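Here's the structure we're looking at; comments come further down.
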Number of protein chains: 2
Amino acid sequence: MDELVEKRLDPFFRRLEHRDALGMAEQQALIKAVSAFEDVGAGADIVREGDRPERCTLLVSGFAARYRMVASGERQFTLIHVPGDFIDLHSFPLKEMDHSVMALAPCQLAIYPHQAIKNITEEFPHLTRLLWLLTLLDGALQREWIICLGRLSAEARAAHLFCELGARLEAVGLGAADDYRLPLTQQDLADTLGLSSVHANRVVQSLRKKNLLTWQANRVTLPNLAAAKALGEFDERYLHHIREPR
Amino acid sequence: MDELVEKRLDPFFRRLEHRDALGMAEQQALIKAVSAFEDVGAGADIVREGDRPERCTLLVSGFAARYRMVASGERQFTLIHVPGDFIDLHSFPLKEMDHSVMALAPCQLAIYPHQAIKNITEEFPHLTRLLWLLTLLDGALQREWIICLGRLSAEARAAHLFCELGARLEAVGLGAADDYRLPLTQQDLADTLGLSSVHANRVVQSLRKKNLLTWQANRVTLPNLAAAKALGEFDERYLHHIREPR
DNA sequence: CGGCTCGTTGACAATAATCAAGCGAGGTGG
DNA sequence: CCACCTCGCTTGATTATTGTCAACGAGCCG
């Protein structure tokens with residue numbers, strides 16, 4: 001049983017190992033803390049604004065996004081999650097959700113009861129700092145998006161996003177920085193970039209015309225990764241892919 | 001000596017007490033962990049992108065902002081800090097700064113060596129969760145700004161910002177939600193809202209014309225707070241001003 | 001076959017940036 | 001004490017970017 005859990009948590013462990021070494025006891029604690037696995041279909045909400053979840057959710061496979069609706073009826077994503085991400089680890093200290101998370105594609109989830117996380121914080125200070133770190137990585141991605149939304153053109157933001165997703169997916173063993181599976185619609189892209197779907201479409205076509213992007217049948221490739229990074233001002237420092245004691 | 005420290009940390013303790021009760025030992029630990037106080041002048045950087053600080057910095061008085069520059073030479077703020085905020089608590093788990101923080105006005109800072117924070121994480125699990133919580137509150141503010149930048153008009157974003165700052169300053173005892181001191185320039189506002197300074201100015205004037213804002217000599221008042229909140233779609237849930245066990 | 005969703009296109013309107021100039025208060029030095 | 005200088009704020013004219021509205025086509029699934 002534990003072997004199955006461990007296998008499913010592989011992207012998660014890769015994500016952690018990119019930042020610090022994990023002790024055997026810590027790894028076991030993370031495996032034991034999983035109470036269940038669940039599946040949700042594309043488009044379903046995983047948690048909702050206002051919820052007070054009693055559990056945290058780790059994305060095992062699929063894609064998910066944190067979002068909120070605004071009065072005009074538009075949606076804005078604040079973060080796209082890839083496998084290995086904790087979707088709502090912050091709900092453990094924060095208690096109440098101030099936003100929702102939806103599945104962008106069929107997802108498998110690993111469930112961590114808050115009580116199990118609390119036990120970790122009481123018994124494993126170093127592991128606690130790593131969990132803390134994970135929530136801070138979310139914050140770093142969100143800072144980056146503020147900068148992109150505030151100061152980059154729509155085209156540069158799109159290039160940045162495709163570079164970011166490539167780097168994150170590669171880090172968890174799910175593709176290459178310039179070649180990965182991405183089951184999103186152009187509306188999803190628009191909701192990430194803060195654009196109308198019409199304009200998102202035009203931006204995608206412009207990137208295609210410049211030979212910076214192909215995106216068909218849920219597969220993204222970046223034929224000229226260096227140029228895409230330059231256009232999107234992508235500097236992966238903010239991903240903190242540095243393994244060191246925390 | 002400790003009384004002086006405690007007095008200076010008053011906004012910080014207020015900020016914490018808005019979220020959870022603090023034990024006497026925890027309070028003492030937070031007081032003892034301060035190694036020094038420092039002053040910085042307006043415009044100075046407090047920490048810089050790429051730094052690997054050995055200490056965390058708490059804002060005692062003044063205003064500061066996290067920011068990054070983009071290739072065009074423009075600046076984007078990702079968060080404005082008010083007294084009682086930890087400016088770079090995240091540097092403790094994250095190690096390397098992926099952005100800079102500057103003083104927007106003369107600031108007094110309390111210094112917490114990373115080692116002192118680490119000791120807290122080894123000895124005070126509940127207090128550790130509260131520190132974690134504080135970094136998550138930064139994340140919540142940043143999420144909110146993604147939503148504002150992505151989906152609200154410039155005018156709505158400005159209204160939102162003035163409401164947010166009022167709520168945060170009131171919570172630490174430094175003004176009222178509709179009346180507070182704000183020593184920022186219009187350029188600072190532009191860098192927060194992701195606008196040019198010219199457009200920021202026009203937005204301010206539009207709010208003035210609608211009798212939603214006065215802003216002279218560093219003093220902000222919101223004559224019609226309800227209308228400002230409505231325009232900016234300001235719902236303070238994301239501030240998590242809820243006192244409960246964490 | 002028909003009804004979805006998703007992607008695409010064109011014409012037009014709204015929002016915000018850019019460029020250029022001038023104003024006014026506060027501080028500095030002669 | 002006053003001239004001058006700087007910084008922040010303001011304004012107008014113009015351009016660039018992005019949104020809105022409307023329509024249509026391709027592919028998939030029941």
Side-chain angles (χ1 to χ4, degrees), chain A residues 41-44 63 70-76 102-106 148-161 182-210 213-220 231-232, chain B residues 41-44 63 65 70-76 102 104-106 148-161 182-210 213-220 231-232:
Chain A
F63 286 80
V70 297
S72 65
E74 293 170 304
R75 187 171 65 175
Q76 177 68 43
M102 64 175 288
L104 298 175
C148 290
L149 284 166
R151 294 301 187 199
L152 297 191
S153 68
E155 204 175 276
R157 295 205 292 274
H160 192 105
L161 178 68
L182 187 71
L184 266 61
T185 66
Q186 288 191 1
Q187 181 64 60
D188 294 333
L189 180 69
D191 291 343
T192 310
L193 303 180
L195 300 173
S196 66
S197 62
V198 171
H199 199 63
N201 175 270
R202 291 184 168 129
V203 164
V204 166
Q205 288 179 63
S206 168
L207 291 177
R208 283 176 179 146
K209 200 166 299 173
K210 294 177 175 173
L213 169 74
T214 69
W215 184 15
Q216 315 160 35
N218 289 343
R219 181 174 203 84
V220 165
L231 174 60
Chain B
F63 286 80
V70 297
S72 65
E74 293 170 304
R75 187 171 63 175
Q76 176 68 44
M102 63 175 289
L104 298 175
C148 290
L149 284 166
R151 294 302 188 197
L152 297 191
S153 69
E155 204 175 276
R157 295 205 293 273
H160 193 103
L161 178 67
L182 187 71
L184 268 60
T185 67
Q186 289 191 2
Q187 181 64 60
D188 294 334
L189 180 70
D191 291 343
T192 310
L193 302 180
L195 299 174
S196 66
S197 62
V198 171
H199 200 61
N201 175 269
R202 289 183 170 130
V203 165
V204 166
Q205 287 178 64
S206 168
L207 291 177
R208 282 177 180 145
K209 201 167 297 173
K210 293 177 177 174
L213 170 74
T214 70
W215 184 14
Q216 316 160 35
N218 289 344
R219 181 176 202 84
V220 164
L231 174 60

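From a predicted model like this one, the values you see are computed outputs, not experimental measurements. Naming convention: chains lettered A, B, ... in sequence-line order (proteins, then strands); numbering from 1 in each chain.
Distance CG/A/Leu152 to CG/A/Leu161: 12.0 Å, rounded to 0.5 Å. With values rounded to the nearest 0.5 angstrom, B/Leu104 atom CG is found 11.5 Å from B/Gln187 atom CD.
Contact annotation: the side chain of A/Val70 never approaches that of A/Gln76 to less than 4.5 Å [non-hydrogen atoms, C-beta and beyond].
Judged by distance alone, the side chain of B/Arg157 and the main-chain N or O of B/Leu193 form a donor-acceptor pair under 3.5 Å. Side-chain atoms of B/Arg219 do not come within 3.5 Å of backbone N or O of B/Pro183 as any donor-acceptor pair. Listed for the B/Arg75 side chain is no donor-acceptor partner under 3.5 Å among the backbone atoms of B/Thr192.
Checked against side-chain hydrogen bond (donor to acceptor under 3.5 Å, both in side chains), B/Ser153 has no partners two or more places apart in sequence or in another chain. Among residues two or more places apart in sequence or in another chain, the side-chain hydrogen bond (donor to acceptor under 3.5 Å, both in side chains) test is passed with B/Arg208 by none.
Each end of the helix from C/dC1-D/dG30 to C/dG30-D/dC1 gets its own axis, taken as the rotation carrying the C1' atoms of four end pairs onto the next four within a five-pair window, and the two axes meet at 30° to the nearest 10 degrees.
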Problem set entry | Verdict with reasoning, B/Val203 to B/Leu189, per side-chain contact (heavy atoms from CB on, under 4.5 Å) | CA-CA 10 Å; B/Val203 165; B/Leu189 180 70; 5.9 Å; no
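A 4.0 Å heavy-atom criterion places the boundary nucleotides of DNA chain D facing chain B at D/dC9 to D/dA13, written 5' to 3'.
Legend: salt bridge (charged side-chain N to carboxylate O under 4.0 Å, His left out) pairs involving residues 197-206 of chain B, not counting sequence neighbours: none detected.
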For this session: List the protein contact pattern of nucleotides 3-19 of chain C with one symbol per nucleotide (5' to 3'): B for base contact, S for sugar-phosphate-only contact, - for none; contact means a heavy-atom distance under 4.0 Å.
Result: ---SSSBBB----BSBB
